[in-house]
Structure formats: structure tokens, C-alpha cells
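Notes to accompany the following structure.
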Protein chains: 2
Amino acid sequence: MSPGPLRIVVLLFPRVTQLHFTGPAQVFSKFPDTEVHLAWHDLDPITTDAGWCIVPTTTLDACPQADILFVPGGAGAFDMFDDLAALEFLRVQSRKARWITSVCTGSFTLAAAGLLTGYRATSHWASLQMLEHFGVEPTSERVVRDRNRITGAGVTSGIDFAFTLAAELFGDDEARKIQLAIEYDPEPPFDHGSPSKADPEAVKSIIAATENLRMARVRTSASALARAQPSA
Amino acid sequence: MSPGPLRIVVLLFPRVTQLHFTGPAQVFSKFPDTEVHLAWHDLDPITTDAGWCIVPTTTLDACPQADILFVPGGAGAFDMFDDLAALEFLRVQSRKARWITSVCTGSFTLAAAGLLTGYRATSHWASLQMLEHFGVEPTSERVVRDRNRITGAGVTSGIDFAFTLAAELFGDDEARKIQLAIEYDPEPPFDHGSPSKADPEAVKSIIAATENLRMARVRTSASALARAQPSA
């Protein structure tokens, strides 16, 4: 790990699902002696999936080396398949990063960069199986750790992911203090947050929409990756 | 309610605890036919408690009438006590809003605007009792509804608040669909998210820090409000 503060580098991009980033970011903001860098091609405000904008803090070129490399997901995570500079940024950063991490469909961006080949990883439940196309072992758990990769499942799992990371970095006691400070004592008014608990029609409708949107791009990009890295 | 799309107006301010807003915002972004407006004095990026910036979408002067008025919290919520234009904005908006809402210490901003006088409300557990100074009945629940006021407790409770609102506006089925879509099936790795479950020393240390920071401001502002509204 580099000397000085812990550096968390987040790849931010247009159409990011903002809670993938902002959920973990609230936990990161309580980490001792930690800098969070939001990196993109330029410093113009980035439009999130919610319509409003977050401002990057650094560019891909100027970004310092990450101790923790983190990729959120969202519709824009699939646009990254064609962004060779962003994928190269992830590959270069990954060489010296201590942890390489994602939430939700951010695992597809990591996978497209070749950084999850041969690893167990998770993603949003409706996209999870598609990870197979990249040589990744889809793993249906809320937070999955395999060697120095930590991936979180859908959207809100980012908060659970961040506490897993907090415990790993600073110990259980510090993670518990942060949990109390941000009153993370969830009480969902309904119990319908995973496909195993949900109405099957609602599950089917989300899967159908997801597959239509994404399968073609996943197949094309996975083939391109396989050609580029025949050993993977 | 105004004709056309549902309008959610968020008062955004410097040093907002970003997850107070961004947690509910992810749920709002799935509401049918809904606009979310982020209002502040000007359109310059606003620095959140996490250091990075969110860009307002409208000014206090140009903001349309809210159907849902929403105030997040954070250290900056207490700075609002001296921001007479922001408090007046909330009062004017509140007259025609269908729901007047907050998360965490955003209830203090609503209270300072006189909008919770005589209501039951909640806040972050470490600040909750101070609501009494504003003539508000502190209520230790994760989401509190009293007439058309809905307040959420600390930080992460914003997500539970937003689902309560979703069910109120669109029915339980729609709320459940959103829950599945954003995989809100929390699995905190620890069970330390409320004072009743936490180490007493950790609780004491957060309360001490909070009281030192805030009590003087709360007392002064509550006195000013009482003088301005002797009937309250």
C-alpha cells in the first residue's frame, strides 16, 4: 500500500446508478485518514441515472494510485465496454491496488477489463448469470470476496459491501462504530428485496428487460476480450 | 397536488450528509412520472459532507411548487438556522405541499422553520431529544408519520423513509417492485446500528460530540423561533 492516507479511487461515469457509489461513499467518509478520488475523463459534472450530477474530483490521467479500486454499476457500466481508455485505466490501477472492488453491474466493467477472469463474483441478481460470458464464476451472495476482489450484489448491497471492506481494513470494532454513527439498522417496510422473496411475475419482468438491454453487448464484449486475452 | 408530474423538491445545502439525500433519491428515481428538483440559492456545485460535490438543478427563487418537500440533514442542517431565505423558502413551499418530509437532522431545519411545531418527529438518535426545544415531540422510531409530516431517523433510514413514501403515494405493490429492482434486502455484517444494540461507550462518545457541537445553536434558534411565533 502507498504511504500516507488510504486512497480509494472510484471510476465514475455517465448513467452510473448513483446509490452504487453514494451508499459506500457514506461509509468511506468515516474511514480514518482516507482520501476518495472520483475519476473520469474530464472534470465536467457527470449525469447519474437519477438525472442530477456529481462532479468528478480528478481525471483518469491525473488520478493517483488506488489502494482500493472501486467501480459502481448502472446502465453506464455497459457503455464502458467500448471505452478502451477507461478499461486500460482500471487495468493499470489494478496492478498496485490492494483491493479491486465493485457494486452491482460494476462487476461487468471489471470483467470487461479482464480483472475478474477466473474469480468468483456477484452482481445485480437479474444480470448475475451473464458474468459467465467473461469467464467469471457468478456467485449469488450479497457480498463476495475472492482473494483481493470484493464484489457487491444489487444497488443497496453497496452499503453491506462497504462495511465488509471497513472490517477488513480497520477491524470489526471500527466498522461497528461507523454502523452506529450512520444508524445502519435497516427496517425495510416490505420483505421483497430479493428474487427468492419476490412475486415471480415481478422477477420475470425485470429479467426480461435486463436481458433485452444487455445480452447482446455482453456477448460481443466477452468475445472481444477472449480474442485479446486468449490465455484467460 | 399540482397537475402534471409529481414534483419532489429537495433543499440541498453545503455540508449535507449526502446519503440522506442520495438514499431516498434512488427510490425516487423509480417513481412513475416524477421530477426531482434540487434547490439551493445558486447553481454552483454543493460540497457534501463527503467532500465531493452535487450540482443543484434549480434555485430557491426559480423552484417549482413541491408536491413532496424534502429536507436532508447533516452538519449543514444546523447552518440553515441562520439562513432566513432558506427557512422562508420551506415555509412558502410547505403551504401547498402534500407531504413535508425530512431525514436525520433535516428535521431540525424543518423545526427551525416552524414546520414541526406540535408534531411527532424523529431524527438521528444522538440529536433526537433536542427537538423538544422547538416544540416537537421526539419519537424514537425509524420512520415517523404525523398527519402530512414524515420524518426518518439517522442517515440510512432515508431508504426506509422513501419506501414508506412510495407505498403511500403509489401503493404497496409498486413499492415492492422498486424494492426488488434495487435489491433492498439488507444484510449488515454487524448488528450495531442503533444505540440499543451498541456498545455503551460508543453511544456515549457520539452523544458527547453531538451535544458539544449542536446544543448551543439549537437553544438560540429555538428561542428566536419562539419569539417570532409566540402562539406556537
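Letters A, B, ... are given to chains in the order of the sequence lines, protein chains preceding strands, and every chain is numbered from 1.
- Of the two parts of A:I159, only the side chain, counted from C-beta on, holds a non-hydrogen atom closer than 4.5 Å to a non-hydrogen atom of chain B.
- With contacts defined as side-chain heavy-atom distances shorter than 4.5 Å, the pair A:V55/B:W52 does not qualify.
- With a 4.5 angstrom heavy-atom cutoff, A:D172 touches chain B via backbone and side-chain atoms both.
- For A:I206, the part lying near chain B is the side chain, with the backbone staying farther off; criterion is any non-hydrogen pair under 4.5 Å.
- For A:P45, the part lying near chain B is the side chain, with the backbone staying farther off; criterion is any non-hydrogen pair under 4.5 Å.
- In terms of heavy-atom pairs under 4.5 Å with chain A, the best-connected choice from B:A202, B:A50, B:P188, B:S29 is B:P188.
- The parts of A:H124 that come within reach of chain B are both its backbone and its side chain, each placing non-hydrogen atoms under 4.5 angstrom from that chain.
- Only the side chain of A:A198 comes within less than 4.5 Å of a heavy atom in chain B; its backbone stays farther off.
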Determine, stepwise, if the pair B:L19 / A:L19 fulfils side-chain contact (heavy atoms from CB on, under 4.5 Å).
CA-CA 8 Å; B:L19 191 59; A:L19 191 58; 3.7 Å; yes
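- The number of heavy atoms from other shown groups lying within 6.0 Å of NZ (B:K197) is above 12.
- The choice from B:A175, B:G154, B:P56 that makes the most heavy-atom pairs within less than 4.5 Å of chain A is B:G154.
- Annotation: the span from A:S157 atom OG to B:E187 atom CD amounts to 9.0 Å, rounded to 0.5 Å.
- Results of the side chain to side chain contact (heavy atoms under 4.5 Å, CB included) test with A:P189 over B:L165, B:V143, B:T164 single out B:T164 as the only residue that passes.
- Only the side chain of A:L38 comes within less than 4.5 Å of a heavy atom in chain B; its backbone stays farther off.
- Proximity of B:P186 to A:Y184: side-chain heavy atoms (C-beta onward) are separated by under 4.5 Å at one or more points.
- Looking at heavy atoms from C-beta onward, B:F21 lies out of side-chain contact with A:T22 at the 4.5 angstrom threshold.
- Most heavy-atom pairs under 4.5 Å with chain B, from the set A:C104, A:C53, A:G51: that is A:C53.
- Among the candidates A:T156, A:T17, A:D49, the single residue satisfying the side chain to side chain donor-acceptor pair (under 3.5 Å) test with B:Q26 is A:D49.
- Of the atoms belonging to A:P195, heavy atoms from both backbone and side chain fall under 4.5 Å from chain B.
- Although no hydrogens or angles enter the test, the distance criterion places no donor-acceptor pair under 3.5 Å between the side chain of A:E183 and the main chain of B:A153.
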Between B:D191 and A:Q179, does the side chain to side chain donor-acceptor pair (under 3.5 Å) criterion hold? Intermediate values first, please.
CA-CA 8 Å; B:D191 190 20; A:Q179 186 180 10; 5.4 Å; no
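- Two residues are said to be in side-chain contact when any heavy atoms from C-beta on lie closer than 4.5 Å; B:S194 and A:L180 fail this criterion.
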